[in-house]
2 protein chains.
Amino acid sequence: MNDIEHDIPEIVINRLPLYVRTLNDLKLLNQTTVSSEHLGFLLQTTPAQIRKDFSHFGKFGKQGRGYNIDFLLDELRNILNLNKTWNTCVIGAGKLGQAVINYQGFKKEGYLIKVAFDISTKKLSNINDVEVRSISEMNQYIKELNIKIGIVTVPSADAQGVIDRLVQCGIKGILNYAPMKPMIPNNVSCMNIDPVLSLQSMSYYLDK
Amino acid sequence: MNDIEHDIPEIVINRLPLYVRTLNDLKLLNQTTVSSEHLGFLLQTTPAQIRKDFSHFGKFGKQGRGYNIDFLLDELRNILNLNKTWNTCVIGAGKLGQAVINYQGFKKEGYLIKVAFDISTKKLSNINDVEVRSISEMNQYIKELNIKIGIVTVPSADAQGVIDRLVQCGIKGILNYAPMKPMIPNNVSCMNIDPVLSLQSMSYYLDK
DNA sequence: ACGTGTGAATTATTTCACAGCT
DNA sequence: AGCTGTGAAATAATTCACACGT
């Protein structure tokens with residue numbers, strides 16, 4: 001390959017955040033360099049895979065010396081567009097939505113929950129400093145607050161409708177907590193979080 | 001292939017719960033049969049993949065007629081060991097742990113949270129009818145209550161220690177909410193839930 | 001001597017395409 | 001006519017292995 005690589009496999013993209021996370025950990029331990037061997041050990045993967053993954057984007061290492069952690073981190077964060085903050089909103093202010101809003105892990109990584117929406121006008125209030133607005137005001141808020149990511153925490157039956165509206169509002173990414181597979185246009189990306197599916201996959205192995 | 005197939009790819013196992021979920025949805029709509037074509041449409045995958053996935057386990061369909069939903073569901077649920085309930089425990093009774101305990105989706109699918117553990121003796125009490133016990137009593141409770149799955153909701157720094165203890169207590173499956181990749185012996189299975197990783201992968205596509 | 005970057009080889013996964021049953 | 005189950009073919013992903021720079 002020569003310069004800029006096109007159409008990188010999704011499976012590779014999905015591993016990059018793991019590298020970022022582990023490099024952050026190493027940095028906190030005052031490490032300055034790391035080899036693909038060591039990174040592979042920490043992530044229980046092969047050095048070859050790590051080097052191959054990086055090779056899609058450029059040459060980040062030094063032969064005989066490994067990778068400079070600060071440099072590699074910055075490169076990976078740039079590739080993933082993490083060197084900026086992203087404005088998000090939560091749709092569904094029930095128990096799950098409240099838990100998501102109260103979770104501090106998003107903000108820590110630059111994903112800011114700017115507003116929440118719910119159909120019920122009863123629970124219009126604040127959750128952990130996040131205003132809860134009527135779902136009818138979605139379009140206005142998403143545009144005014146430059147929100148690019150929607151976090152869906154409504155019941156399964158309502159999720160497709162909510163997602164359709166989000167897409168119409170110009171949302172570019174959806175994190176879907178509803179246990180269903182939404183239909184999404186292919187200029188919008190979507191990741192699904194369903195711990196029950198994980199438990200069910202796991203159950204296959206539990207009797208072995 | 002002939003009778004019982006060995007060593008089925010994990011990627012296949014991970015898709016089975018999606019089929020189960022969708023078949024349940026169809027059942028609620030009073031459908032009695034489904035083709036791989038239709039199931040593929042609902043899950044945005046190819047009919048060939050679905051048929052190939054099933055073929056690892058047997059012949060569940062009828063040529064020219066598709067699959068009987070009740071029959072297929074029962075077969076898939078048996079393969080995944082879902083036709084029973086699983087006892088679980090939650091380790092970490094902080095905000096995240098409380099949210100997990102309050103989430104009704106686990107019980108609905110047969111994953112029963114029988115007890116929670118925490119180091120802090122201050123918060124020893126009940127969360128949604130689930131007793132919170134000291135982490136020092138873990139071994140005793142896991143054995144007495146026949147708990148096979150541990151749901152880890154402690155901070156990242158404590159997770160490996162907790163997981164090591166769970167493994168020593170004979171736990172067979174771990175659902176890990178801590179944002180780290182634990183070291184696990186290979187007779188124990190582990191699935192990780194980290195919504196931040198999903199957002200970070202998604203961010204790659206948001207500028208495209 | 002160490003460890004990256006990368007073509008080539010290997011292995012895994014998906015898709016094709018069609019014989020055969022209902 | 002419709003649709004499964006499955007070998008064969010095609011594509012994708014991983015791993016090997018080594019030339020080469022530090």
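Proteins get letters first, then strands, A, B, ... in listed order; numbering begins at 1 in each. Atoms considered below: every heavy atom in the structure, side chains included; atoms not considered: hydrogens, waters and symmetry mates.
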* Rounding to a whole Å, what distance do you find between B:H38:NE2 and D:dG2:P? -> 17 Å
* To do: Please work out which of the three classes, parallel, tilted or perpendicular, describes the rings of B:F41 and B:H38, given edges at 30° and 60°.
  => parallel
* Structure fact -> In short, A:V154 meets A:A178 closest at the heavy-atom pair O-CB, 3.7 Å
* Taking the side chain of A:R15 as its heavy atoms from C-beta onward, which of D:dT6, D:dT14, C:dT15 lies nearest to it? -> D:dT14
* Give the rounded distance in Å between these two atoms: CG of B:L39 and C1' of D:dC3. => 14 Å
* Asked: Does anything in residues 17-36 of chain A reach DNA chain C, meaning a heavy atom under 4.0 Å, and if so which residues?
  -> A:S35, A:S36
* Polar contact flag, side-chain donor to acceptor under 3.5 angstrom, A:Q98-A:N102 -> no
* Does a donor on one side chain and an acceptor on the other come within less than 3.5 Å for A:Y19 and A:D53? -> yes
* To do: Verify whether one side chain among B:N192 and B:N176 offers a donor that lies under 3.5 Å from an acceptor in the other.
  => yes
* Structure fact -> Of D:dC3, C:dT4, C:dA8, the nucleotide closest to the side chain of B:Q63 is D:dC3
* Structure fact -> Sorted by number, residues from residues 66-77 of chain A placing a heavy atom under 4.0 Å from DNA chain C are A:G66, A:Y67
* Asked: Which residue, A:A48 or A:G64, contacts DNA chain D at a nucleotide closer to its 5' end, judged by nearest heavy atom?
  -> A:A48
* Structure fact -> Taking for B:E37 and for A:T46 the nucleotide of DNA chain D with the nearest heavy atom, the one nearer the 5' end belongs to B:E37
* Asked: Where the side chain of B:K52 is defined as all heavy atoms beyond and including C-beta, which of D:dA17, C:dT15, C:dC18 is the nearest nucleotide?
  -> C:dT15
* Rounded distance (Å) that lies between atom C1' of C:dT11 and atom CD of A:Q49 -> 13 Å
* **d(NZ, B:K62; C1', D:dA1) in whole Å** => 19 Å
* Step by step, work out the side-chain contact (heavy atoms from CB on, under 4.5 Å) result for A:I171 and A:V167. => CA-CA 5 Å; A:I171 279 282; A:V167 169; 5.9 Å; no
* Does a salt bridge link A:D194 with B:R21, judged by any charged N lying under 4.0 Å from a carboxylate O? -> yes
* Any idea how B:F54 and B:F60 line up, ring-wise: parallel (<30°), tilted (30 to 60°), or perpendicular (>60°)? -> tilted
* Asked: What's the CG-C1' distance between B:D7 and C:dA12, to the nearest Å?
  -> 12 Å
* Donor-acceptor pair, B:T88 side chain versus B:L112 backbone, under 3.5 Å? -> yes
* To do: Identify whether any heavy atom of A:F60 sits under 4.0 Å from a base atom; if not, whether one sits that close to sugar-phosphate; answer base, sugar-phosphate or nothing.
  => sugar-phosphate
* Asked: Considering only side-chain heavy atoms of B:P9, which listed nucleotide, C:dT13, D:dT22, C:dG5, is closest?
  -> C:dT13
* Euclidean distance, atom CD1 of residue B:I11 to atom P of D:dT11 [Å, nearest integer] -> 18 Å
* Going by heavy atoms in the side chains, are B:D70 and B:T32 under 4.5 Å from each other? -> no
* Measure distances between side-chain N and O atoms of A:R51 and base N and O atoms of C:dG5, and say whether any donor-acceptor pair falls under 3.5 Å. => yes
* **Whole-Å gap separating P (D:dT6) and CD1 (B:I50)** => 16 Å
* Asked: Just how far, in rounded Å, is P of C:dT6 from CZ of A:F54?
  -> 13 Å
